[in-house]
There are 2 protein chains.
Amino acid sequence: MLTPSCLQIVQIRIDEEKERTTFMVRLGGNEMRDGGDLKDGARERPTLKTIAFMTGLGITTVSRALKDAPDIGADTKERVRLVARQIGYQPNRAGVRLRTGKTNVIALVLSIEEELMGFTNHIVFGISEVLTGTPYHLVITPHASARDPMVPIRYILDTGSADGVIISRTEPNDPRVALMEERGMPFATHGRTNMGIVHPYHDYDNETFAREAVRRLVARGRKNIAIILPEGHLSYTGHSIKGYRDGLSLHGARSVPFDSVTVESPLTAIHDATRALMAGPDAPDGLISMAGGCTIAMVAGLEAAGKKLGRDVDLVSKQNSDLLKWIRPEIIAVNEDIRAAGMELARAVLASIGGAAPESLQTLYQPSFAEDA
Amino acid sequence: MLTPSCLQIVQIRIDEEKERTTFMVRLGGNEMRDGGDLKDGARERPTLKTIAFMTGLGITTVSRALKDAPDIGADTKERVRLVARQIGYQPNRAGVRLRTGKTNVIALVLSIEEELMGFTNHIVFGISEVLTGTPYHLVITPHASARDPMVPIRYILDTGSADGVIISRTEPNDPRVALMEERGMPFATHGRTNMGIVHPYHDYDNETFAREAVRRLVARGRKNIAIILPEGHLSYTGHSIKGYRDGLSLHGARSVPFDSVTVESPLTAIHDATRALMAGPDAPDGLISMAGGCTIAMVAGLEAAGKKLGRDVDLVSKQNSDLLKWIRPEIIAVNEDIRAAGMELARAVLASIGGAAPESLQTLYQPSFAEDA
DNA sequence: GATAATTACTGTAACGATACAGGAGATTTG
DNA sequence: CAAATCTCCTGTATCGTTACAGTAATTATC
């Protein structure tokens, strides 16, 4: 039953300097209690103390009631929750963090060289969508990838500034993964590793993409194929190469070397290298691009060499946004849904923080080529 | 002079349950002091207490020494700073935040519908670059722009979760600006307002861009011009229209209505509308686009209508990334440097937090057309 | 040479939350 | 009916930091 809490304000202190009004309360018995500040027009932010005063309960009780602890009576919980909802109570993050060490922060560590076409946008909003409705905030921790990528990781670990970390540009033998694993920091990687550590990840099956890309090209009669790859040290470089090679031998095509540039190179360099390649004696008739940004420069380059897409050469490309079809509908474009990746990664870190087994937090998305292509 | 602090550990308590070792210290006199925990292998994070113990000073003294307070001796400060640097002391954010209310957080409020081509990426890394080396962290607070854009602002204000806020997609009469102003929250807007509130902002001079765009088109003999505008309620829509109209009357051109789509419309809609426009009886010979993403669809649309860029029609477009020239070199593209905008915005909020006058924190970037264009 | 002022440092309380160790009152047990 | 048990609630200490109100020792003042 809801006992009316018979409390009574017996003393009001007005502190003009501090512009606050405090008061004492007499409870049912005759012990006094500090009632806290009288919020002027509910302007001040409510705390547990506010609810404790309003309900006539102790601060501890309120705290435990809101946590649904087993040693609090059912109708007390109800009452506390009601009041908390009414006054819009939200736990003070600094208080929680100081006392418990829980930051309620997910750190997204991004290289400033992430891909041009909306990668950051998509992954950020994918993660955000999952974090909405949880107490977690998303903090962006950037690093110049040329510099030491360990710096932001060490910072987060040393200062304990996040409960979970999401990293991208994963390498097969990634020291960031090793360090976070060692220190027990929950994390998820965009891209797999190959170092004997079982950890949460989300990845796109670039091996399948590359292999299937070769298949589509061969199906169109293209047998001399070139591929533009990511930087050498990233995990997905290896997967791409593997799929590419498998595709070549599986479908009987040959590789035209094209390794003077990577998908990270300046667009001008990619353009020039593609023109040179396509104008040369051993010009390929099939091209594979692992990233949408560089595809645009490649198209310009091959056209500068006098070639025509669909006639002289076919091009399969991955993309993050649905842009390529507007540029040249002839491009065989395959979407990598980075927003979905962000969502998976966020789900994985949250679950990892919650203690889920890492092997249950690994997802691999399959490339989806258009039906006939 | 650096007096050697003659302290002595006189009692060690080993608490096996909590796995910690604490100890008492006898100082030069004979008062005892709690020496805190003996960090096992410097694994635990150092706090003021650690430094206090190591230097033999009080916690308060250490705190004030690190703040360079005037009532602390010069060599004491030196000594404290040395130790702090040695052990890699970093203030606990939760402690500071709880005590002072200072969050050391800048919130970037982004609509999930920000432009495709790298807007988020650029602004985030621009802001980050300025925040690097400061104690500030960047928190991304997203909102579905269809929903109430006030929600994230109210959240930040009610929970005091940031020291400063950066917003984009500013409107001439923006309730977010009014609210933050009223509550005294430092902020900077990407885009100006027109509501009698002087506040920090950064903006791109879209009025000049649109006016100059008309001039370039007229200089190429184009007199029938259409423009694709941003959504109606944004500040820069008004600026664009103003510049556009001024340009038309100034250079003697006429406007071909093109308002069935905005730069926010789906690319398919933009494509179709452009094709219809260009295939119609009143097809313009000059086009102006306020955003790079939609320009790509427009180009596809006008080519689908059988028109050729540079021959039948010229196109002036803004862009965030240097992509358009690879798509059609004929496009007269003008870069809006969003990374620089992020830097300006971050500088502005930080200065605003520091108490700088808002009128000194307003920047307007001029469009830079290529030399001859 | 007593008092005042200055210098350099320190202890206590508080920010808001939670872990922990009670503790009062009702209910069951033998 | 005393003891044990169970229910439900509460006070205290603590996380790391800083504001504030001291205090002891030295130096300046008259």
Side-chain angles (χ1 to χ4, degrees), chain A residues 1 3 5 17-18 20 22 27-29 31-34 36-37 44-53 55-67 69-80 84 89-104 135 159-160, chain B residues 3 5 17-18 20 22 27-29 31-34 36-37 44-53 55-67 69-80 89-104 135 159-160:
Chain A
M1 81 224 139
T3 330
S5 55
E17 304 243 329
K18 288 187 187 168
R20 56 194 283 197
T22 56
L27 294 175
E31 70 274 27
M32 299 284 279
R33 169 196 307 233
D34 184 350
D37 300 4
E44 295 275 326
R45 185 170 174 202
T47 69
L48 290 181
K49 202 167 169 183
T50 315
I51 302 178
F53 168 60
T55 55
L57 296 163
I59 294 177
T60 303
T61 310
V62 174
S63 172
R64 298 186 57 66
L66 289 173
K67 303 211 123 43
D71 62 347
I72 305 294
D75 30 77
T76 299
K77 284 180 187 171
E78 198 56 49
R79 212 150 55 96
V80 169
Y89 169 76
Q90 294 201 255
N92 180 304
R93 314 187 109 231
V96 175
R97 180 164 171 177
L98 182 56
R99 180 64 238 241
T100 65
K102 182 127 215 269
T103 62
N104 283 307
T159 61
Chain B
T3 331
S5 56
E17 303 243 331
K18 289 187 185 168
R20 54 194 284 195
T22 55
L27 295 174
E31 70 275 28
M32 299 284 279
R33 167 197 309 235
D34 183 351
D37 299 4
E44 295 275 325
R45 183 170 175 203
T47 69
L48 290 179
K49 201 167 170 182
T50 316
I51 302 177
F53 168 60
T55 56
L57 295 164
I59 294 176
T60 303
T61 310
V62 174
S63 172
R64 299 186 56 67
L66 289 173
K67 302 212 124 43
D71 64 346
I72 305 294
D75 30 78
T76 299
K77 284 179 187 171
E78 197 56 48
R79 211 149 57 95
V80 169
Y89 169 76
Q90 293 200 257
N92 180 304
R93 311 188 112 232
V96 175
R97 181 164 171 177
L98 181 56
R99 180 64 236 240
T100 66
K102 182 126 213 274
T103 62
N104 283 307
T159 61

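In this text, all values refer to a predicted model and were calculated from it rather than measured experimentally. To find a chain, count down the sequence lines: A is the first, B the second, and so on, and within it residues start at 1.
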Please state whether the base of [N] and the side chain of [X] form at least one donor-acceptor pair under 3.5 Å?
X	N	answer
A/Thr47	C/dG16	no
B/Arg99	D/dT17	no
A/Asp71	D/dC9	yes

Checklist outcome for this item: In short, the helix from C/dG1-D/dC30 to C/dG30-D/dC1 is bent end to end, axes from five pairs each side, to 10°, by 60°
Roughly how many Å is it from [atom1] in [X] to [atom2] in [N], rounded to a whole number?
X	N	atom1	atom2	result
A/Arg93	C/dT18	CZ	P	13 Å
B/Tyr89	D/dT18	OH	P	6 Å
B/Lys102	C/dA14	NZ	P	25 Å
A/Asn104	C/dA17	CG	C1'	12 Å
A/Lys77	D/dC8	NZ	C1'	11 Å
B/Glu44	D/dC15	CD	P	11 Å
A/Ile72	D/dT10	CD1	P	8 Å
B/Gln90	D/dT17	CD	P	11 Å

Donor-acceptor under 3.5 Å ([X] side chain, [Y] main chain):
X	Y	value
B/Arg64	B/Ile72	no
B/Arg45	A/Thr159	yes
A/Arg97	B/Arg93	no

Item to check | Phosphate contact (C/dC9 OP1 or OP2) by B/Thr76 side-chain N/O below 4.0 Å | outcome: yes
Next on the checklist: Tell me whether the side-chain N/O atoms of B/Lys49 come closer than 4.0 Å to OP1 or OP2 in D/dG16.
Outcome noted: no
Quick one: which of [options] gets closest to the side chain of [X]?
X	options	result
A/Thr60	D/dT12, D/dG16, D/dT17	D/dT12
B/Leu48	C/dC9, D/dT18, C/dA17	D/dT18
B/Asn92	D/dT17, D/dT10, C/dT18	D/dT17
B/Ser63	D/dT18, C/dC9, C/dT18	D/dT18
A/Thr61	C/dC9, C/dC15, D/dT10	D/dT10
B/Leu98	C/dG16, C/dC9, D/dT17	C/dG16

Distance from [X] atom [atom1] to [Y] atom [atom2], nearest 0.5 Å?
X	Y	atom1	atom2	answer
A/Lys67	A/Lys77	NZ	NZ	12.5 Å
B/Ser63	B/Leu57	OG	CG	12.0 Å
B/Thr55	B/Leu48	OG1	CG	10.0 Å
A/Leu98	A/Thr103	CG	OG1	13.0 Å

Checklist entry - Between B/Ile51 and B/Val80, is a side-chain contact (heavy atoms from CB on, under 4.5 Å) present by the stated rule, with each step listed? => result CA-CA 7 Å; B/Ile51 302 177; B/Val80 169; 4.2 Å; yes
Next on the checklist: Judged by each residue's nearest nucleotide on DNA chain D, which is more toward the 5′ side, B/Arg64 or B/Ala94?
Outcome noted: B/Ala94
